[in-house]
Amino acid sequence: MDQQSEPGTVFGAAIPFVDYCGIEALDVRAGRTRLRLALRPEHSNNLGIAHGGALCTLLDVALGTAARLRAGRPVVTLDMQTRFLTPGRGVLIAEGQVTRAGRSVIFCEAEIRDAAGDLVATATGLLKPVGERSATA
């Protein structure tokens, strides 16, 4: 399924911080949300590689988009465990997917790869649906 976002949204949700960071929603394939972040100098740490906060943000958005699309309503992150595997550079692609969905908690996992396909970071998360279901859910 291809779910292109409208400009300024992430799969239909307006999230100003995601827009500010430059994270782009690509599509949804086989239940996995795909996002892109072209690293800029302001995403770097003092070593000139992707700052862990930028990577955590990208992973959180990947987890959250997968959970939100499954739940059909907004979600909040309750817990996120992150592993940094190799320095992030250049253009990064993140994918998020739901591993198990209950009524009150959704379990997800996400990963970030660089342009060469090398695994940069991974995360698992628990997300909670909040608010009302959308009319399209």
What do the steps show when you test Leu35 against Val18 for side chain to side chain contact (heavy atoms under 4.5 Å, CB included), and what is the final call? CA-CA 11 Å; Leu35 305 149; Val18 172; over 6 Å; no
Take Ile112 and Leu59 through the side chain to side chain contact (heavy atoms under 4.5 Å, CB included) test and state the conclusion after the steps. CA-CA 7 Å; Ile112 299 173; Leu59 287 165; 3.6 Å; yes
Co-membership, hydrophobic cluster, residues Phe107 and Leu78, 4.5 Å side-chain: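 Shared cluster, yes.
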CA sep, side-chain torsions, deciding dist, call: Thr77, Leu63, side chain to side chain contact (heavy atoms under 4.5 Å, CB included): CA-CA 8 Å; Thr77 304; Leu63 296 168; 5.6 Å; no
Could you walk me through whether Thr86 and Asp118 pass the side chain to side chain donor-acceptor pair (under 3.5 Å) test, one step at a time? CA-CA 8 Å; Thr86 191; Asp118 293 329; over 6 Å; no
What pair of heavy atoms forms the shortest contact from [X] to [Y], and how long is it?
| X | Y | answer |
| --- | --- | --- |
| Pro129 | Val105 | CD-N, 4.4 Å |
| His43 | Ala54 | O-CB, 4.1 Å |
| Phe11 | Asp27 | CZ-O, 3.4 Å |
| Gly64 | Leu127 | CA-CD2, 3.7 Å |
| Ala94 | Leu58 | CB-CG, 3.6 Å |

Straight-line distance of [X] [atom1] to [Y] [atom2], nearest 0.5 Å:
| X | Y | atom1 | atom2 | answer |
| --- | --- | --- | --- | --- |
| Thr33 | Arg70 | OG1 | CZ | 11.5 Å |
| Leu92 | Arg36 | CG | CZ | 9.5 Å |
| Met80 | Leu126 | CE | CG | 11.5 Å |
| Glu111 | Thr124 | CD | OG1 | 13.0 Å |
| Leu39 | His51 | CG | NE2 | 12.5 Å |
| Arg100 | Glu109 | CZ | CD | 14.0 Å |

Gly131 backbone acceptor or donor facing Arg73 side chain under 3.5 Å: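 Yes, because the side chain of Arg73 sits within donor-acceptor range (under 3.5 Å) of the backbone of Gly131.
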Quick one: does Asn45's side chain have a donor or acceptor within less than 3.5 Å of a partner on Gly48's backbone?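 The answer is yes, because a donor-acceptor pair under 3.5 Å joins these two groups.
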List the steps and the verdict of side chain to side chain contact (heavy atoms under 4.5 Å, CB included) for Cys108 and Gln97. CA-CA 6 Å; Cys108 298; Gln97 70 176 357; over 6 Å; no
I need the full list of salt bridge (charged side-chain N to carboxylate O under 4.0 Å, His left out) pairs touching residues 42-53, with sequence neighbours left out, sorted by first then second residue.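 Matches after skipping sequence neighbours: Arg40-Glu42.
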In the structure I gave you, are the side-chain heavy atoms of [X] and [Y] within less than 4.5 Å of one another anywhere?
| X | Y | value |
| --- | --- | --- |
| Asp114 | Val91 | no |
| Leu55 | Val120 | yes |
| Val61 | Thr65 | yes |

